[in-house]
Amino acid sequence: MKNKKGLIGIIAAVAAVAVLVFAYTTFAPKTQQGAKNITIEVINEAQQSTVYEVNTNAEFLEQAFAETDGLEITNEEGPYGMTIVAVNGEEAKWEVNGAYWSIMVNGEYGMYGASEQVVADGDAFQLVFTKG
């Protein structure tokens with residue numbers, strides 16, 4: 001009886017993992033290869049805006065940052081991937097000043113970090129200095 005419960009538990013765990021893998025592969029954003037034209041707007045603490053027009057082959061936003069002339073991103077690798085610490089020298093670090101850099105995608109709050117945010121032709125990204 002005890003072995004039967006253990007076997008059922010293992011089967012349930014394997015099934016749960018299979019469902020999660022299926023959901024991720026089905027609903028995760030799909031990358032787009034080839035040339036893309038995007039904009040990256042930086043809105044600093046003083047609400048000043050700087051817009052960058054970017055022609056890129058990047059599949060993810062982090063890669064597009066590296067290809068953007070004049071845009072300086074300082075980041076740290078954390079447990080959830082890349083964390084943007086400073087943009088163009090302006091630091092937004094929660095532990096220091098209660099602020100962070102929000103990523104907006106086509107006018108909506110981004111659901112992914114820069115290292116996982118897919119880039120598609122025509123996308124408009126914003127990096128917004130945000131106080132807690």
Just so I know, are the side chains of [X] and [Y] near enough to count as touching, which here means a heavy-atom distance under 4.5 Å?
X	Y	value
Y109	S102	yes
K36	N55	no
Q117	V105	yes
N37	D121	yes
L127	I103	yes
D123	F125	yes
Q126	I43	yes
I40	L71	yes

### Message
Please check this pair: side chain of T68 against backbone of A66, looking for a donor-acceptor N/O pair closer than 3.5 Å.
### Response
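Not a single qualifying donor-acceptor pair exists.
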
### Task
Taking atom types as modelled, find out whether T39 and E53 have a side-chain donor-acceptor pair closer than 3.5 angstrom.
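The criterion, which ignores hydrogens and geometry beyond distance, is not satisfied for E53 and T39.
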
### Task
Supply the atom-to-atom distance Q48 CD to E90 CD, rounded to the nearest 0.5 angstrom.
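If I round to the nearest 0.5 Å, the distance is 8.5 Å.
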
### Task
Please collect all salt bridge (charged side-chain N to carboxylate O under 4.0 Å, His left out) contacts where either partner lies in residues 60-79, sequence neighbours excluded, each pair once.
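Non-adjacent pairs meeting salt bridge (charged side-chain N to carboxylate O under 4.0 Å, His left out): E76-K93.
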
### Message
Checking side chain to side chain contact (heavy atoms under 4.5 Å, CB included) between F65 and each of I73, V87, N75, which is the one that passes?
### Response
I73

#### Entry: For the student: nearest non-hydrogen atoms of G70 and N88, plus distance
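Shortest heavy-atom separation between G70 and N88 comes out as O-OD1, 3.4 Å.
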
### Summary
Heavy-atom nearest pair, I38 first then A64, reads CD1-CB, 3.9 Å

#### Entry: side-chain contact (heavy atoms from CB on, under 4.5 Å) between M104 and V128, intermediate numbers included
CA-CA 8 Å; M104 305 294 288; V128 182; 3.9 Å; yes

### Query
Do the ring planes of F129 and W101 sit parallel (below 30°), tilted (30 to 60°) or perpendicular (above 60°)?
perpendicular

### Task
Report whether L61 and Y52 are members of the same hydrophobic cluster (ILVMFWY, side-chain heavy atoms less than 4.5 Å apart, transitive linking).
yes

